[in-house]
Amino acid sequence: MNRLYERTTKRRTASQLDAALRTEVTAHAEAHQLGDVLGAAVNLHETWSVRLHKPGLLSRLTGPADPDTEHRTVVVITPRYVLVAVEGKKRGVHVHSARLDGISLSESSELQRLARGNSTSAGRLSRLLPDDFGMSVTALWSGAPEAASFYIGVSDDSAGHALLDELHAAVTRAKK
């Protein structure tokens, strides 16, 4: 299947973020007693995602999973926490955070792993799955009663790879 999004990932500093988004991240950090996350950030990346295809018939009838044709995702990594902020025109801004020592990372879903196999069914399955680059982060996210997975899509270039490598390294350090 074709890619669903065109993604551009860039390393940022806190001052380079949109002021409204900075305010939302700071408010979330204060509400969850995380401290000055933007000041403590060891890594901050922003990904701009543009949907490449019109949603299918079912999505048009029931509402697409992603209500925005374009959205921005900001990942802030501190020594103890990861914060993910997603902003779009229709969805507004949503900020979630989790402790790094409680995170599990997966570079692809089980279906994507099966689709990379050599069988005939794997070939059929691979045509059904979107071609995307990113990582699933499973954690007890702020305010959630149980662990959940959140997919962080990034560009398949040096900046996107750097973000995923740095997130993996931060989780590893936090668990030592």
Side-chain angles (χ1 to χ4, degrees), residues 1-29 37-56 59-60 63-79 81-98 100 103-109 111-113 115-116 126-139 141-142 148-172:
M1 181 178 230
N2 293 330
R3 288 181 307 146
L4 299 178
Y5 294 93
E6 180 67 38
R7 299 190 199 272
T8 304
T9 301
K10 296 184 186 242
R11 183 180 292 275
R12 296 285 190 221
T13 63
S15 63
Q16 291 174 313
L17 293 179
D18 175 73
L21 193 57
R22 242 185 358 256
T23 300
E24 291 287 338
V25 168
T26 300
H28 175 88
V37 295
L38 293 175
V42 293
N43 184 299
L44 198 154
H45 276 81
E46 180 177 47
T47 299
W48 188 255
S49 300
V50 178
R51 190 169 53 211
L52 296 174
H53 305 284
K54 184 177 174 181
S59 290
R60 287 193 301 263
D66 184 353
D68 295 301
T69 57
E70 299 180 2
H71 67 270
R72 175 174 35 183
T73 304
V74 172
V75 178
V76 180
I77 301 171
T78 74
Y81 304 102
V82 64
L83 285 85
V84 180
V86 182
E87 181 264 336
K89 282 185 180 180
K90 292 182 180 178
R91 84 179 79 203
V93 178
H94 298 277
V95 183
H96 305 282
S97 60
L100 288 169
I103 287 177
S104 295
L105 302 172
S106 174
E107 292 184 28
S108 59
S109 71
L111 283 175
Q112 288 168 323
R113 280 191 289 279
R116 284 194 290 266
S126 68
R127 289 190 299 272
L128 298 174
L129 296 175
D131 180 21
D132 203 5
F133 187 75
M135 186 173 286
S136 289
V137 181
T138 303
W141 294 97
S142 52
S149 292
F150 188 89
Y151 183 76
I152 299 173
V154 298
S155 54
D156 189 5
D157 59 14
S158 59
H161 286 263
L163 168 57
L164 299 184
D165 290 346
E166 291 168 23
L167 179 57
H168 189 271
V171 169
T172 301

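Starting from 1, each residue takes its place in the sequence as its number.
The minimum heavy-atom distance linking Thr78 with Leu100 is given by the pair O-CD1, 3.2 Å. Shortest non-hydrogen contact noted between Val95 and Ala85 is CG2-CB, 3.9 Å. Taking both residues in full, the closest heavy atoms of Ala40 and Pro79 are given as O-CD, 3.5 Å, listed atom of the first, atom of the second, then distance. When all heavy atoms of His45 and Ala162 are compared, the closest pair comes out as NE2-CB, 4.5 Å.
At a threshold of 4.5 Å between non-hydrogen side-chain atoms, the residues Leu44 and Gln16 do not count as touching. Between Leu167 and Val137, the closest side-chain pair of non-hydrogen atoms falls below 4.5 Å. Within the 4.5 Å cutoff, side-chain heavy atoms of Leu83 are placed close to those of His28. Two residues are said to be in side-chain contact when any heavy atoms from C-beta on lie closer than 4.5 Å; Val86 and Arg91 meet this criterion. Under the 4.5 Å side-chain criterion, counting only non-hydrogen atoms from C-beta, Ile77 is in contact with Leu163. Side chains of His161 and Phe133 form a contact here, defined as non-hydrogen atoms less than 4.5 Å apart. Contact of the Ser155 side chain with the Thr47 side chain is not registered, since no non-hydrogen atoms from C-beta on lie closer than 4.5 Å.
With rounding to the nearest 0.5 angstrom, the OH atom of Tyr151 is 9.5 Å from the CE atom of Met135. Atom OG1 of Thr73 is separated from atom CD1 of Ile152 by 8.0 Å, given to the nearest 0.5 angstrom. Atoms CZ and CG, from Arg72 and Asp18 in turn, are 4.5 Å apart once rounded to the nearest 0.5 Å. One distance of note links CZ of Arg22 with CZ of Arg12; it measures 12.5 Å at 0.5 Å rounding. Taking CH2 from Trp141 and OG from Ser97, the interatomic distance works out to 8.0 Å, rounded to the nearest 0.5 Å. Glu70 contributes atom CD, which lies 11.0 Å from atom OH of Tyr5 (distance to the nearest 0.5 angstrom).
His168 NE2: 12 or fewer foreign heavy atoms inside a 6.0 Å radius.
Between Arg51 and Thr69, the side chains place no donor N or O within less than 3.5 Å of an acceptor N or O (distance only, hydrogens not considered).
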